[in-house]
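Worksheet for the structure shown next.
Every heavy atom of this structure was used, including side-chain atoms; hydrogens, water molecules and symmetry mates were not. Being a predicted model, the structure only gives us computed values, none of them experimental.
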Amino acid sequence: QVQLVESGGGLVQAGGSLRLSCAASGRTFNTYDMGMGWFRQAPGKEREFVAAIRWSGTSLRYADSVKGRFTISRDNAKNTVYLQMNSLKPEDTAVYYCAATTGWDLRGPKNYDYWGQGTQVTVSS
């Protein structure tokens, strides 16, 4: 079992920055080199992939829409995954979710086994 808790969302002006955190816990979350992903869902839209990293730090993946602006990282000592978001745009406004998978494909939401409750990110124009 894996439990995930997101934090760090809020309101920011366009061009600003936010840092999201995902705290992971559970007795078996590090049994595999799990993929840790960030997804987002805006009102009226499907949940979409944002970024992913494996617990080992390998296999970094980014959506084209955030490449060069967002950075995913992890701190194994704190069992925490981060999403540093810079140069934010109004279209980044969404609920952001942390997720974990034991699978190989890190981009599809259907491949993920565990999900957090989400944290709201709002970017004003």
Side-chain angles (χ1 to χ4, degrees):
Q1 295 293 320
V2 176
Q3 294 81 46
L4 305 171
V5 180
E6 303 97 332
S7 62
L11 175 64
V12 65
Q13 291 185 332
S17 299
L18 284 174
R19 189 194 194 195
L20 305 184
S21 298
C22 174
S25 62
R27 295 179 179 179
T28 61
F29 81 92
N30 60 349
T31 299
Y32 303 96
D33 185 16
M34 299 189 75
M36 306 298 297
W38 286 98
F39 293 79
R40 65 188 183 186
Q41 188 166 22
K45 296 185 177 180
E46 295 183 349
R47 190 167 299 186
E48 66 173 347
F49 171 78
V50 176
I53 190 173
R54 293 197 178 276
W55 207 249
S56 62
T58 62
S59 302
L60 283 93
R61 303 283 188 270
Y62 293 97
D64 289 341
S65 59
V66 307
K67 191 173 297 183
R69 300 188 297 123
F70 292 9
T71 302
I72 189 171
S73 62
R74 85 280 182 266
D75 186 336
N76 293 54
K78 297 181 179 180
N79 295 328
T80 301
V81 179
Y82 303 97
L83 184 68
Q84 179 66 47
M85 305 185 294
N86 299 327
S87 302
L88 283 162
K89 304 175 181 179
E91 53 261 44
D92 295 318
T93 296
V95 177
Y96 283 70
Y97 298 91
C98 179
T101 179
T102 58
W104 294 86
D105 189 342
L106 304 182
R107 293 182 177 272
K110 293 184 178 180
N111 297 324
Y112 282 76
D113 307 297
Y114 306 97
W115 294 86
Q117 292 297 111
T119 184
Q120 177 70 46
V121 172
T122 302
V123 184
S124 62
S125 61

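One hydrophobic cluster, built from ILVMFWY side chains closer than 4.5 Å, cannot hold both Trp38 and Trp115; they sit in different ones. Residues Tyr114 and Ile53 share a single hydrophobic cluster, defined by chaining ILVMFWY side chains whose heavy atoms lie under 4.5 Å apart. If you chain together hydrophobic residues whose side chains sit under 4.5 Å apart, Leu106 and Tyr82 never meet in one group.
When all heavy atoms of Leu83 and Ala51 are compared, the pair lying nearest together is CD1-CB, 4.1 Å. Closest non-hydrogen pair, Tyr112 versus Ala99, comes out as CD2-CB, 3.4 Å.
No donor-acceptor pair closer than 3.5 Å links the side chain of Asn86 to the backbone N or O of Phe70. A donor-acceptor pair under 3.5 Å is formed between the side chain of Glu6 and the backbone N or O of Gly118. Checking side-chain atoms of Arg74 against main-chain N and O of Ser56 turns up a donor-acceptor pair under 3.5 Å.
For the residue pair Thr101 / Asn111, no side-chain donor-acceptor distance below 3.5 Å is found, with atom types taken as modelled.
Shown here are the ring-ring contact (aromatic ring centres under 6.0 Å, His included) partners of Phe49, two or more places apart in sequence or in another chain: Phe39. Applying the side chain to side chain contact (heavy atoms under 4.5 Å, CB included) rule to Thr122 yields the partners Leu11, Thr93, Gln120; only residues at least two apart in sequence or on another chain are considered.
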Steps toward salt bridge (Lys or Arg N to Asp or Glu O under 4.0 Å) verdict (Lys67, Asp64): CA-CA 5 Å; Lys67 191 173 297 183; Asp64 289 341; 3.8 Å; yes
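Annotation: cation-pi pair Arg40/Tyr97 absent, no NZ/CZ under 6.0 Å from the ring centroid and within 45° of its normal.
Rounded to the nearest 0.5 Å, atoms CZ (Arg69) and OG (Ser87) are 7.0 Å apart.
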